Amino acid sequence: MALHVMDEAKMCLGCPRPRCQEGCPIKTDIPNVIKLLKAGDLDAAGWKLFENNPLTTVCALVCNHGKQCEGHCVRGINGSPVHFSVIESYISTTFANKMVKGPAKPNGMKAAVVGSGPAGLTIAVLLARWGYDVTIFEARDRIGGMMRYGIPNFRLPDAVLDDFQYRHLQLKDIKVRTNTTIGKTITIDDLFRDGYKSVFIGAGLWKANAMNIKGETLGNVAFGIDYLANPTGFKSLGNDIAVIGVGNSAMDCARTAIRNGARHVTCYGRRTEKDATASAYEMSYAKLEGVGFRWGLQPVEIRHNGIICIDNRLGDDGKWSTIPGTEKLYPHTGVIVSVSQGSSYEVDTGSDGSCAMTRSAKGLLSVDENGATTRPGVFAGGDAVAGARTVVEAVASAKKVAEAMDAYMKSLPSDNSPDPYADIPVFDTPPADALGEQVV
């Protein structure tokens with residue numbers, strides 16, 4: 001592994017104008033990271049990666065490198081690019097095992113983070129670095145958000161996120177409250193009441209968007225986001241599965257289905273292969289693993305024995321339209337609908353019915369250029385604001401929001417209100433055996 005990494009590193013030309021860095025949404029200092037590695041200073045290279053991107057171990061595995069750093073590499077113009085993904089993965093995972101630094105000096109202020117996806121985790125780590133007392137509220141039982149429940153384990157192993165929790169959360173004394181949904185029993189009002197000076201909402205997109213065609217409620221149908229969260233729970237799909245959609249999530253569904261016993265998996269796209277939103281990298285793996293594709297078909301109904309599709313063609317006017325009379329039944333035992341996702345997060349108002357945060361027409365939270373919502377002290381980012389985006393894009397936007405939250409909290413007047421219970425006595429509980437109870 002190390003030898004291969006050094007071979008890749010030696011290919012780097014150290015361009016004065018690094019196109020690779022320009023292609024990175026988070027502007028990773030790729031040339032200097034590689035330079036440090038070649039000089040034998042792996043720790044400095046690792047520090048530089050984590051300082052810029054707390055989720056570097058994740059991004060090394062799941063970024064669309066072909067369209068970002070590697071896709072912009074000057075070597076790739078006439079040959080093979082420098083595979084920085086391999087270099088980043090080696091450096092970040094090796095250096096992560098050495099990270100033991102504890103929490104920063106506290107500044108006396110608390111911040112709440114709602115959601116532990118890439119945006120929320122980035123906000124939490126950065127605020128903790130700056131001395132804030134951070135608590136993450138996660139609706140599910142484990143951290144990671146869509147990274148854990150929406151990206152298959154064969155692409156992003158759970159161990160990577162588990163290690164992140166230990167290295168970046170536990171060691172920095174960032175508290176995580178799982179199985180807690182903000183907006184139900186606990187509200188944003190409650191957070192401010194309990195002393196949090198600012199709240200970040202990064203709840204993600206957990207609501208599958210339906211196609212609104214007949215048959216979507218049948219027992220042999222699953223929505224992509226639900227299937228990826230727990231593929232073993234959908235045995236009724238059978239072994240010949242249709243995946244409606246040709247995005248990256250659809251590729252994840254198709255490849256996961258094969259790993260869970262499906263003998264035949266076919267993806268359906270409304271247009272042509274060149275119009276697919278999935279990366280060429282992900283699609284190539286799907287094909288290699290046996291996933292089939294059918295193009296130019298618009299599903300109009302799902303049945304217990306397959307899907308009915310109508311031909312969809314590009315006309316001379318440059319517009320796509322269906323062709324009446326071309327409907328056919330394509331037999332399948334089960335169907336996974338993976339077309340898109342939307343927000344399911346219900347933002348609460350203030351106790352007096354005020355302070356509602358505005359949303360866009362698509363149900364996403366509306367924010368200003370710094371991620372501030374229309375409610376003072378509440379910020380938002382990631383998919384909850386921009387819609388479905390990549391991990392690295394969420395990290396990049398979250399870095400800017402973290403700076404805005406820091407500036408906002410520092411601008412608040414000092415809280416000099418007295419603690420009404422500051423001088424109450426502390427009840428001295430005697431040991432159990434002193435009460436005559438049996439100690440075991």
Side-chain angles (χ1 to χ4, degrees), residues 1-95 118-119 122 126 147 151 155-156 247-248 251 273-285 369 381-382 386-403:
M1 176 66 173
L3 179 61
H4 174 58
V5 167
M6 292 307 296
D7 287 343
E8 287 293 326
K10 290 175 182 177
M11 287 179 59
C12 179
L13 300 174
C15 303
R17 180 188 170 188
R19 288 161 45 101
C20 55
Q21 187 172 1
E22 293 174 7
C24 174
I26 202 169
K27 305 305 177 190
T28 299
D29 191 358
I30 296 172
N32 281 322
V33 168
I34 293 177
K35 183 178 179 181
L36 288 168
L37 177 65
K38 290 194 292 187
D41 198 345
L42 186 145
D43 288 355
W47 182 89
K48 185 174 283 290
L49 285 175
F50 279 103
E51 187 71 10
N52 177 64
N53 179 5
L55 286 167
T56 180
T57 52
V58 174
C59 290
L61 298 176
V62 303
C63 269
N64 188 351
H65 301 98
K67 287 187 177 181
Q68 295 171 355
C69 55
E70 294 173 13
H72 285 72
C73 177
V74 68
R75 275 193 172 275
I77 297 175
N78 295 312
S80 177
V82 177
H83 293 97
F84 183 68
S85 56
V86 176
I87 298 172
E88 181 181 16
S89 181
Y90 174 72
I91 296 174
S92 61
T93 54
T94 304
F95 181 70
T122 300
L126 293 180
M147 293 183 294
I151 299 178
R155 285 186 57 209
L156 179 59
N248 282 332
M251 298 304 106
E273 183 170 352
K274 68 178 182 180
D275 298 308
T277 56
S279 69
Y281 179 83
E282 293 299 328
M283 193 173 292
S284 67
Y285 267 108
E369 66 277 6
R389 293 292 188 271
T390 63
V391 171
V392 71
E393 287 172 325
V395 174
S397 65
K399 289 177 66 175
K400 183 177 180 180
V401 178
E403 293 174 354

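Only a predicted model underlies this, so the values are computations on that prediction, with no experimental measurement involved.
Under the 4.5 Å side-chain criterion, counting only non-hydrogen atoms from C-beta, Pro31 is not in contact with Cys15. In this structure, the side chains of Lys67 and His72 stay at 4.5 Å or more apart for every pair of heavy atoms. Side-chain contact between Met147 and Pro118: present, with at least one pair of heavy atoms (C-beta onward) separated by less than 4.5 Å. Between Arg19 and Ile77 there is a side-chain heavy-atom pair separated by less than 4.5 Å. With contacts defined as side-chain heavy-atom distances shorter than 4.5 Å, the pair Thr57/Ser89 does not qualify. Inter-residue side-chain proximity for Gln21 and Thr28 is flagged as unmet; no heavy-atom pair is nearer than 4.5 Å. Two residues are said to be in side-chain contact when any heavy atoms from C-beta on lie closer than 4.5 Å; Phe50 and Ser92 meet this criterion. The closest side-chain heavy-atom distance from Val33 to Leu49 is below 4.5 Å.
No side-chain donor-acceptor contact under 3.5 Å links Asn32 to the backbone of Lys35. In this structure a side-chain-to-backbone donor-acceptor pair under 3.5 Å is missing from Arg389 to Ala394. Under the 3.5 Å distance criterion, the side-chain polar atoms of Glu8 are left unmatched by any main-chain donor or acceptor of Ile87. With hydrogens and angles ignored, the 3.5 Å screen pairs a side-chain donor or acceptor of His65 with a backbone N or O of Cys63. Under a 3.5 Å cut-off, the side chain of Glu88 and the backbone N or O of Cys59 do not form any donor-acceptor pair. Checked by atom type and distance alone, the side chain of Lys48 never pairs as donor or acceptor with a backbone atom of Asp29 at under 3.5 Å.
Of the charged side-chain nitrogens involved, none lies within less than 4.0 Å of a carboxylate oxygen, so that Glu22 and Lys27 do not count as a salt-bridged pair.
Side-chain contact annotation: Ser85 with Glu70, donor-acceptor N/O pair under 3.5 Å present. A donor-acceptor contact closer than 3.5 angstrom is absent between the side chains of Glu282 and Ser279. With hydrogens and angles left out, the side-chain atoms of Lys399 and Asn53 include no donor and acceptor closer than 3.5 Å.
Rounded to the nearest 0.5 Å, atoms CG (Asp7) and NE2 (His83) are 12.5 Å apart. From Thr277, atom OG1 reaches atom CG of Asn248 across 6.5 Å, with rounding to the nearest 0.5 Å. In this structure, Arg155 CZ and Tyr285 OH are separated by 11.0 Å, a value rounded to the nearest 0.5 Å. One finds the SG atom of Cys12 at 5.5 Å from the NZ atom of Lys38 (value rounded to the nearest 0.5 Å).
Gly247 approaches Ala278 most closely through the heavy-atom pair C-CB, 3.5 Å. Between Pro25 and Gly23, the shortest heavy-atom distance links the atoms CD-O, 3.5 Å. Tyr90 and Leu42 get closest at one heavy-atom pair: CE2-CD1, 3.6 Å. Of all heavy-atom pairs spanning Leu37 and Ala9, the tightest one is CD2-CB, 4.1 Å. The nearest pair of heavy atoms linking Val395 to Pro54 is CG1-CD, 4.4 Å. The two residues Ala276 and Met283 come nearest to each other via the heavy atoms CB-CE, 3.4 Å.
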